[in-house]
Every structure is written in structure tokens, then in C-alpha cells.
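Note that the structure is a prediction, hence the values are computed from the model and not measured.
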Amino acid sequence: FNVGHERTWLIELRDTGEIVGTCGFRPVRPHVMDFGYCLGRRWWGQRLIAEPVDLLLTEMEDDPSVCRISAICHADNARSARVLQRAGLSCEGRLVRHTVFRN
């Protein structure tokens, strides 16, 4: 974690201090950043991820060398896709066999 230009943070509930997930970003090519997040299943659907996503986007957008920001979510994860759309990202397509879950 946090090697080179990669940045990872824990997501903590403000009221209790409980750790509920992680988020972060990394450069994938010059001028291109990719970000992601993960919440424990217990906290899905509680609208907890919008604030961390906004903070990540602000951090990346404040870097003048960044020209493109991307994120990927599972095709079946409609809630995560909505989070990304609400944050201002647009769906550019489906990456067939990008990640294969063999289970």
C-alpha cells in the first residue's frame, strides 16, 4: 500500500470509528489515474461510499498532471455504477473478461 504514486485509505464511520472499507487511486499511464473502493458487505446500500469517492476525485482533479480519471465496477453491480455516474463519470463500455472470478 502507498508505494510510489499509489494511495490507499481506510474508510471509517465518523460516529463510531469503525473501519468499513478501503479506497484509493493509482496511476495507470502518464496523466491517467484509476480509482476504486470496497465496502464490507454489511455496509452495502447505506450510501456510505459517495463521500470517499468525492474526496478521491477532488484529490486527483487537483493534480494538474492528471487528464483522465477512470474506475471499473462489476457489470452486475448496478449500485456501484450509479455511484460512479452520480460522481460525474460516464460509462464507456464493457470490458469483456477484464476480471474473471473463477468461483
Side-chain angles (χ1 to χ4, degrees):
F1 291 112
N2 297 324
V3 175
H5 296 287
E6 289 190 24
R7 294 292 171 256
T8 304
W9 292 270
L10 297 174
I11 301 171
E12 175 183 323
L13 292 180
R14 188 174 287 127
D15 297 340
T16 65
E18 188 173 11
I19 303 299
V20 299
T22 64
C23 64
F25 59 76
R26 66 189 174 105
V28 289
R29 292 187 307 279
H31 311 292
V32 180
M33 298 292 274
D34 184 40
F35 75 97
Y37 48 85
C38 179
L39 284 178
R41 184 179 298 261
R42 179 173 153 200
W43 295 279
W44 289 3
Q46 297 183 31
R47 299 181 179 242
L48 297 175
I49 203 64
E51 183 179 2
V53 166
D54 287 344
L55 292 170
L56 290 172
L57 288 172
T58 298
E59 181 82 15
M60 290 182 285
E61 289 168 346
D62 284 348
D63 183 341
S65 70
V66 176
C67 297
R68 181 176 173 82
I69 297 171
S70 65
I72 297 171
C73 68
H74 193 280
D76 295 336
N77 192 340
R79 286 180 175 168
S80 195
R82 276 196 307 273
V83 167
L84 297 174
Q85 288 172 340
R86 286 183 186 139
L89 280 77
S90 57
C91 181
E92 293 185 348
R94 186 173 181 160
L95 301 171
V96 177
R97 295 187 183 164
H98 177 271
T99 304
V100 178
F101 301 101
R102 298 224 178 260
N103 57 359

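- For H5 against P27, the heavy-atom pair with the smallest separation is CB-CG, 3.6 Å.
- The hydrophobic clustering, which links ILVMFWY residues whose side-chain heavy atoms are closer than 4.5 Å, places V28 and M60 apart.
- Distance CG/L57 to CG/D62: 10.5 Å, rounded to 0.5 Å.
- Residues L39 and W44 form a side-chain contact, since some pair of their non-hydrogen atoms from C-beta on lies under 4.5 Å apart.
- Annotation: side chain of T22 is not in contact with side chain of Y37 (no heavy-atom distance under 4.5 Å).
- Across every non-hydrogen atom of L84 and A71, the tightest pair is CD2-CB, 3.9 Å.
- V32 has its side chain out of reach of V66: every pair of non-hydrogen atoms, C-beta onward, lies at least 4.5 Å apart.
- Taking CG from L48 and CD from E12, the interatomic distance works out to 12.5 Å, rounded to the nearest 0.5 Å.
- At a threshold of 4.5 Å between side-chain heavy atoms, the hydrophobic network of Ile, Leu, Val, Met, Phe, Trp and Tyr places L13 and L55 in two separate groups.
- Inter-residue side-chain proximity for R7 and W9 is flagged as met; some heavy-atom pair is nearer than 4.5 Å.
- Minimum heavy-atom separation, W43 to I19: CH2-O, 4.1 Å.
- Between S80 and C73 the shortest heavy-atom distance is OG-CB, 3.7 Å.
- A salt bridge between E92 and R68 is present, with a side-chain N of the basic residue lying under 4.0 Å from a carboxylate O of the acidic one.
- Although no hydrogens or angles enter the test, the distance criterion places a donor-acceptor pair under 3.5 Å between the side chain of Q46 and the main chain of R42.
- The heavy-atom pair separating R79 from G45 by the smallest distance is NH1-CA, 3.4 Å.
- Distance CG/L56 to CD/E61: 10.5 Å, rounded to 0.5 Å.
- For the atom pair CZ of F35 and CD1 of I69, the computed distance is 7.5 Å after rounding to the nearest 0.5 Å.
- Between C38 and I11 the shortest heavy-atom distance is O-CD1, 4.4 Å.
- Side-chain atoms of F25 and E6, non-hydrogen and from C-beta on, never get closer than 4.5 Å to each other.
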